[in-house]
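Heads up, the thing below is written out as structure tokens.
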Amino acid sequence: MAYEAPLEKYPVKIREVILGGGEKARKIGGENALPLHFFEGSLPNPPGLALEVLDTRPENWAPWILEPFEDVASDPMSWAKKCVEEFGAEILCLRLLSTDPAGKDASPGEAAKTVEQVVKAVDVPLVVLGTGDEEKDSQVLIEVARVCSGKNFLLGPVLKGNYQEIAQAALEHGHCIVAQASMDANLTKELNIALCKFFPPERIVVDPTSSALGYGMEYTFSIIESIKLFGLADRDNMMQMPVFADVGIECWRTKEAKESRDQGVLWEATTGITFLLAGANLLVLRHPEALRLIKKITTP
Amino acid sequence: MALKGADIMKKLPKTNCKECGCATCFAFAMKLATGGAKLDDCPYLDPEVRTELESAMAPPVKLVTVGTGEEALVIGEEEVMFRHEKTFFHEPGLAVLVSDREGEPEVEEIIARIHELRFERIGHTLRVNLLALSNESGDRDTFVARVGKASKATDLPLILISGDTDTLFSAAALCADRRPLVYPITAENVSAAIPKIKELGVPAGVKGESLDEVISVTSQLKDAGIEQCVIDPGSKDLLEGIRDQTLIRRAALKKGFRPLGYPTMAFPCFMYQDKFEEALAAAALMIRYTGIVVTSLTEKDLVFPLLVHRFNIYSDPRRPMTVEEKVYEISHPDENSPVLISTNYALDFFIVSGAIEEANIPAFLCIKDTGGIGVLAAWTSGKFTGEAIADFLAKFEVESRVKHRKLIIPGVAKKLKEELEEELPSWEIILGPSEASDIPKFLSEKWKA
Ligand code: SF4
């Protein structure tokens, strides 16, 4: 019995989504093969590895996750700059924590002002995330979309309860969106179908919601993997959007990450590479070392 | 690749004698194909046909055992490329590499450290499970001495690594009764190794620089009757590892290609200098099919994430993961701390307990056994009803743990509130948030004993 390498070719590909603009614009997706399968397909864009920036000084962070940002943690602009200049982030994720109705409850206008300042400070693509509160996010993200019209942000999370308003604003002002559906590939597809009635599919990134190592990571892993296989192997064009995973926030709230620096960094990096191997195209990470590690061992 | 009933039928005697217990040879063939009958049941099979069918029906990835007794590592017999298609069956072994350049006391110390790398997590023991001894010194007597020492100091299965075939088998002879994995068996040494492997009855770690080379070695071993093999395709970094591991698994499962139908191994310890990179590559290789991952890691902070990772990836997605029914004390609660209740569906448990930890408010988390199903389904099926919860509180004597009588229940279980108010008149039933992520906010704003 002669051996012939059992390569698998897919006649379709994951949609390519362009984030940001100008020289530093980054594409994600566009692959016609499974993650890191350079031996049998084309993977034109490396996975996007975004570093997270908060718009407000973090509370209750373990010392080792705060340490890299200690000097800039109260100033989102300097924080963003440091991530790009010192830690080599090619994409940033600005989390508008200040808008949390249960916390500071900052107004959409205030939040949009911060985003405007950050976008002036750095030229890399921006992911702008609300706090997951459907109503408040809708006000905040619409204002951000408007104030930063044409900047081609990735705005999210866009949920079943607020997708119409936010996607409409994103459409009008030239942004992409993160469509979030909780831990179920069918819900991801449903939301995509609803969105695609009026929103261009090549500006949608999907988020099946993340979890951390030890806290449901395998569920997220298998959902991302099945979404990608529906897209590539079953050629379902409503499952061919790039996948987004919000890794840092989940990992750094676990008690294991708070136990020690080394364990924390690996907790995040392990969760991150797991989702990357499942097929995630964009990871949001917190610790610069987690980003460095993942990049190092996955770059050809 | 499983055989079809019709293919098997062609090889049967077609006499319909019924001695196998089936009405016809055809019925027997169908049963065989689905695993409902054994070849032994038909006494009239031609011996040659029997061997042929036997090998055609064998699992596409051979089951291989390294080591003996309770600590033995069993790998192989995997059936799928993706865990959501069914499950991954046999957790990969995590081996720690120890050089024979280390003196005897150092080897003993490393073994002691490895023995400490054992952790309990929801009723499972997570542990490092192999010791790989490498003949880095190049000296035969040193290696044999270290192997002799190590085999006494640990019950863990051993991997013996030496580029010198005589050295390798001298060491293997010392501990053959422990079924060590001898490595590397290559195109160069396979002829010399075959008689020794057969004599000692040890599993063979096959190494090739390419899959073609691996295939030539496993084929020679198979011809000699040796099928307890673990394949190292010689991958030099993670990307090569993913390629090699994927092709091996695919060739075995999708093409029924026997010469690659063995569990595999990989050496992140030789791929990366940096220990974090090594640990991360090991995690990635565990996802991508590797049967034994050899690292140099003994630091708790680097090994523990890897062990939890393996446990997660190899958990069975067909069965809801459950946690033990009991009252979990989170962050040292006292008699004024809140009492919450939820199901023993592991994901619910992790999310709820994580949210309580995040809230920084010590609490009692009551976890009721619902067979691993979530709140609403469990309520419908009678496992999370007012009565069931009242029994739980009595069984675990919750009333003796707190001074207050306030019970926080999942926000989605609105009807449960009425039931509980009836069952537990002395308790105030508080409807918590519907989303676990709102628990920190809920507790910090609403909780008062
Ligand atoms: S025992 Fe063998 S020959 Fe007889 S009916 Fe069964 S399969 Fe056919």
Side-chain angles (χ1 to χ4, degrees), chain A residues 1 3-8 34-40 60 100-103 132 183 211-219 221-223 225-226 229 250 253-256 258-267 269-274 276-278 289-290 292-294 296-300, chain B residues 82-84 121 211-212 215 237-240 242-243 246-247 250-251 254-260 271-272 274-277 279-281 283-284 287-288 299-302 304-306 308-309 311-315 317 321 346-347 350-351 353-355 357-358 360 435 437-438 440-441 444-445:
Chain A
M1 198 173 182
Y3 171 73
E4 207 183 300
L7 302 181
E8 282 178 8
L34 296 178
L36 307 181
H37 282 209
F38 297 99
F39 57 94
E40 60 183 351
N60 302 323
D100 185 355
M183 292 276 183
S211 48
L213 173 60
Y215 295 85
M217 178 190 76
E218 68 276 24
Y219 294 84
F221 172 81
S222 283
I223 288 164
E225 195 161 66
S226 51
L229 286 164
E250 294 296 333
R253 66 166 147 239
T254 65
K255 66 168 180 289
E256 291 84 354
K258 289 177 181 171
E259 262 167 30
S260 85
R261 186 258 177 199
D262 289 358
Q263 186 163 286
V265 166
L266 262 190
W267 214 260
T270 303
T271 309
I273 203 159
T274 299
L276 195 151
L277 277 175
E289 180 65 3
R292 187 196 70 77
L293 288 168
I294 294 176
K296 170 77 192 296
I297 70 167
T298 59
T299 304
Chain B
F82 305 106
R83 67 185 283 284
H84 65 264
R121 198 169 175 94
L211 290 186
D212 285 319
I215 290 162
D237 61 24
L238 176 63
L239 296 179
E240 286 193 14
I242 288 173
R243 176 197 65 198
T246 302
L247 292 176
R250 253 191 218 155
K254 299 199 163 175
K255 307 281 179 201
F257 188 71
R258 296 286 167 190
L260 291 177
M271 294 178 181
Y272 300 97
D274 177 301
K275 287 194 181 271
F276 286 79
E277 292 169 15
L280 203 55
I287 294 179
R288 286 299 176 243
E299 298 82 355
K300 180 255 165 193
D301 288 353
L302 306 187
F304 182 60
L306 201 47
V308 175
H309 171 80
F311 177 60
N312 282 176
I313 293 298
Y314 275 75
S315 68
M321 262 227 294
L347 195 51
F350 286 135
I351 292 171
S353 61
E357 273 174 29
E358 200 189 338
N360 249 329
E435 295 288 335
S437 54
D438 294 329
K441 179 177 148 196
S444 58
E445 284 173 8

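Order of the sequence lines fixes the chain letters, A, B, ..., with proteins taken first and strands second; residue numbering starts at 1 for each chain. Just so you know, these numbers use all the heavy atoms, side chains as well, and skip hydrogens, waters and symmetry mates. This one's a predicted model, so the numbers in the text were calculated from it and none came from an experiment.
When atom types are taken as modelled, the side chain of B:Arg243 and the backbone of A:Phe39 share no donor-acceptor pair closer than 3.5 angstrom. At distances below 3.5 Å, not a single donor-acceptor pair connects side-chain atoms of B:Arg83 with backbone N or O atoms of A:Phe221.
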For this session: Report the C-alpha separation of A:Leu34 and B:Arg288 in whole Å, then their side-chain angles, then the decisive distance to 0.1 Å, and conclude whether the side chain to side chain contact (heavy atoms under 4.5 Å, CB included) test is met.
Result: CA-CA 12 Å; A:Leu34 296 178; B:Arg288 286 299 176 243; 5.7 Å; no
Problem set entry | side chain to side chain contact (heavy atoms under 4.5 Å, CB included) between A:Ile273 and B:Ile287, intermediate numbers included | CA-CA 10 Å; A:Ile273 203 159; B:Ile287 294 179; 5.6 Å; no
Problem set entry | Evaluation steps, side chain to side chain contact (heavy atoms under 4.5 Å, CB included), between B:Asp301 and A:Leu266 | CA-CA 8 Å; B:Asp301 288 353; A:Leu266 262 190; over 6 Å; no
For this session: Evaluate the salt bridge (Lys or Arg N to Asp or Glu O under 4.0 Å) criterion for residues A:Lys258 and B:Glu357: first the C-alpha distance (whole Å), next the side-chain angles of each, then the deciding distance (0.1 Å), finally the verdict.
Result: CA-CA 11 Å; A:Lys258 289 177 181 171; B:Glu357 273 174 29; over 6 Å; no
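Closest non-hydrogen pair, B:His84 versus A:Leu229, comes out as CE1-CD1, 3.6 Å. Of all non-hydrogen atoms in A:Tyr3 and B:Ala251, the two that sit nearest each other are CE1-CB, 4.2 Å. The shortest heavy-atom contact between B:Pro305 and A:Leu213 is O-CD2, 3.6 Å.
Heavy atoms closer than 4.5 Å to chain B are found in both the backbone and the side chain of A:Tyr215. Within the 4.5 angstrom heavy-atom criterion, only side-chain atoms of A:Asn60, from C-beta onward, approach chain B. Contacts of A:Ile294 with chain B are made by both backbone and side-chain atoms, with heavy-atom separations under 4.5 Å. Heavy atoms of B:Glu277 lying under 4.5 Å from chain A belong to its backbone as well as its side chain. Residue contact with chain A, scored on non-hydrogen atoms closer than 4.5 Å, involves the side chain of B:Ala283 exclusively. Contacts of A:Thr299 with chain B are made by backbone atoms alone, with heavy-atom separations under 4.5 Å and no side-chain atom involved. Heavy-atom distances place no part of B:Phe311 under 4.5 Å from chain A, backbone and side chain included. Looking at B:Glu445, the atoms closer than 4.5 Å to chain A (heavy atoms on both sides) all sit in the side chain, from C-beta outward. Neither the backbone nor the side chain of A:Glu250 comes within less than 4.5 Å of any heavy atom in chain B. The contact between A:Glu225 and chain B is made by backbone and side chain atoms together, counting heavy-atom distances below 4.5 Å. Only the side chain of B:Thr246 comes within less than 4.5 Å of a heavy atom in chain A; its backbone stays farther off. Heavy-atom distances place the side chain of B:Asn360, and not its backbone, under 4.5 Å from chain A. There is no contact between A:Glu4 and chain B, counting heavy-atom distances below 4.5 Å.
B:Lys254 has its side chain out of reach of A:Pro6: every pair of non-hydrogen atoms, C-beta onward, lies at least 4.5 Å apart. With a 4.5 Å cut-off on side-chain heavy atoms, B:Glu299 and A:Asp262 do not count as touching.
If you tally non-hydrogen atom pairs under 4.5 Å between each of B:Leu247, B:Ile242, B:Val308, B:Leu280 and chain A, the highest count goes to B:Leu280. Of the listed residues A:Gly214, A:Ser226, A:Gly264, the one with more heavy-atom pairs under 4.5 angstrom with chain B than any other is A:Gly214. Most heavy-atom pairs under 4.5 Å with chain A, from the set B:Leu211, B:Asp237, B:Ile351: that is B:Leu211. In terms of non-hydrogen atom pairs under 4.5 Å with chain B, the most contact-rich of A:Ala269, A:Ala278, A:Pro35 is A:Ala269. When the candidates A:Thr271, A:Leu277, A:Leu36 are compared by the number of heavy-atom contacts under 4.5 Å with chain B, A:Leu277 comes out ahead.
Going from atom CE of A:Met217 over to atom OG of B:Ser315 covers 8.5 Å, rounded to the nearest 0.5 Å. From A:Leu293, atom CG reaches atom OH of B:Tyr272 across 11.0 Å, with rounding to the nearest 0.5 Å. Atom CZ in B:Phe276 sits 13.5 Å away from atom NZ in A:Lys296 (nearest 0.5 Å).
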